[in-house]
There are 2 protein chains.
Amino acid sequence: MNIPSKLIEEAVEEVSKLPGIGKKTALRLVLHLIKQDAKATYGLSDALKNLRENITHCTVCHNLSDDSVCSICSNTHRDHKTVCVVEDVRDVMAIENTMQYRGVYHVLGGVISPMNRIGPDQLTIESLIQRLTGSQVEEVILALSTTMEGDTTAFYLSKKIKTLEVKITAIARGIPLGGELEYADEVTLGRSIITRTLLEA
Amino acid sequence: MNIPSKLIEEAVEEVSKLPGIGKKTALRLVLHLIKQDAKATYGLSDALKNLRENITHCTVCHNLSDDSVCSICSNTHRDHKTVCVVEDVRDVMAIENTMQYRGVYHVLGGVISPMNRIGPDQLTIESLIQRLTGSQVEEVILALSTTMEGDTTAFYLSKKIKTLEVKITAIARGIPLGGELEYADEVTLGRSIITRTLLEA
């Protein structure tokens, strides 16, 4: 692309580094910002800088947080006896959006994946064990992806936690609500039959 | 969406103000920046701020420019006797990308559009007339959109320029290269027959 301004070129260069944004989209966004009031650009620029300077990880659950203890861990109205283990902050948000969970979280920061050179030491597993040891936590819910890596991590965690006298559960797998049987994959459908639940009348 | 961090929320808010970027995409971009090295965020933030603080309009052609005279207007190797009139900076880039044009530009900043309350006074038309008056410019090429507004603007401009003894041309309209006749709209096809050109053998 033939951009006649160094300033625009640099901004486009930076914006197009974002995932899913190519040079053309970046140019469109940058030209939009130039058209807008300068305040809009300063607001965006400052919000990003401020975020990156001040965002930290909760020392308890390792979730992204504004303070050293996140808003969920410091909330006394939540059930601190139940810990839901998830992969990353997006999973926390997804579960929070359901409004069905009142416990706390533990963010692993990924799953065990030898292919990507991520072993147990790269995750916050040791911190989880320490957190559970001698604590009042009664149940650990594993809410990991059903990929090979997710299953491996769940298996590893359950082995580690088993010694601690904490109940270990995993989120239910099965046919999604509103899902039609004929379009469900065989593995999910097969498993949903094996792990069928008693219908309360 | 249930974002547990004020910092992330503010950044998402600002990013989602950009055109075509919703809350979900904004969150994905923001989480991406958090995962990256802090330098990436600072680079982006600074490039945007720097752009908005220093970008200006060329005093000659009104194109976006780093300096008071843009790189095209200050280039002595270009043909300053030919001025191509376009709507905005995107059109300049599009024409520059063709590498077929060696003249200079004049950026109107829009087209006459009574519906949007844009009259001749909101555009750089007066500046164009002054630029042409008593100058060495020999040809003005109108490269405006073929919308009603574009045509109105072209008509207004040609009336104004006619008194100045400058040749006025417009970019050719017709079937795009590689375009198939059966898929062309009737107006374009009809006009391409009326304005047919002599085939040089």
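Chain letters run A, B, ... following the sequence lines, proteins first and then strands; every chain starts at 1.
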Where the side chain of A:Arg52 meets the backbone of B:Ile34, is there a donor-acceptor pair that is under 3.5 Å apart?
-> yes

Between A:Ala38, A:Cys70, A:Gly20, the one whose heavy-atom pairs under 4.5 Å with chain B are most numerous = A:Ala38

Enter the distance from A:Ile55:CD1 to B:Ile8:CD1 here, rounded to the nearest 0.5 Å.
-> 4.0 Å

Roughly how far, to the nearest 0.5 Å, is the OG1 atom of A:Thr41 from the CD atom of B:Glu53?
-> 10.0 Å

Within a reach of under 6.0 Å around CZ of A:Arg78, are more than 12 heavy atoms found that belong to other residues, nucleotides or ligands?
-> yes

If you look at every heavy atom in B:Ala40 and A:Glu14, which pair is closest and at what distance?
-> O-OE1, 4.0 Å

Below 4.5 Å from any heavy atom of chain B, which atoms of A:Asn75 appear? Answer side chain, backbone, both or neither.
-> neither

Side chain, backbone, both or neither: which part of A:Gln36 has a non-hydrogen atom closer than 4.5 Å to chain B?
-> backbone

Among A:Ser45, A:Ser65, A:Ala11, the residue with the most heavy-atom pairs under 4.5 Å to chain B is A:Ser45

Under 4.5 Å to a heavy atom of chain B? For A:Asn63 that would be side chain

Honestly, the part of A:Leu31 sitting under 4.5 Å from a heavy atom of chain B is side chain

Donor-acceptor contact below 3.5 Å, side chain A:Asp66 vs main chain B:Ser5 = no

Please look at A:Ala94 and chain B and tell me whether the side chain, the backbone, both or neither of the residue comes under 4.5 angstrom of a heavy atom of that chain.
-> neither

Starting from the C-alpha separation in whole Å, work towards a yes-or-no answer on side chain to side chain contact (heavy atoms under 4.5 Å, CB included) for B:Leu7 and A:Leu64.
-> CA-CA 10 Å; B:Leu7 289 165; A:Leu64 287 173; over 6 Å; no

Check the pair B:Lys49 / A:Asp46 against side chain to side chain contact (heavy atoms under 4.5 Å, CB included), numbers first and verdict last.
-> CA-CA 9 Å; B:Lys49 197 166 218 163; A:Asp46 292 344; 2.7 Å; yes

To the nearest 0.5 Å, how far apart are CE in A:Met93 and NZ in B:Lys24?
-> 11.0 Å

How many angstroms lie between atom CG of A:Leu33 and atom CG of B:Leu51, to the nearest 0.5 angstrom?
-> 7.5 Å

Cut-off 4.5 Å, heavy atoms of chain B, and the answer for A:Lys17 is backbone

Sort out for me which of A:Glu10, A:His32, A:Glu13, A:Arg28 touches chain B most, counting heavy-atom pairs under 4.5 Å.
-> A:His32

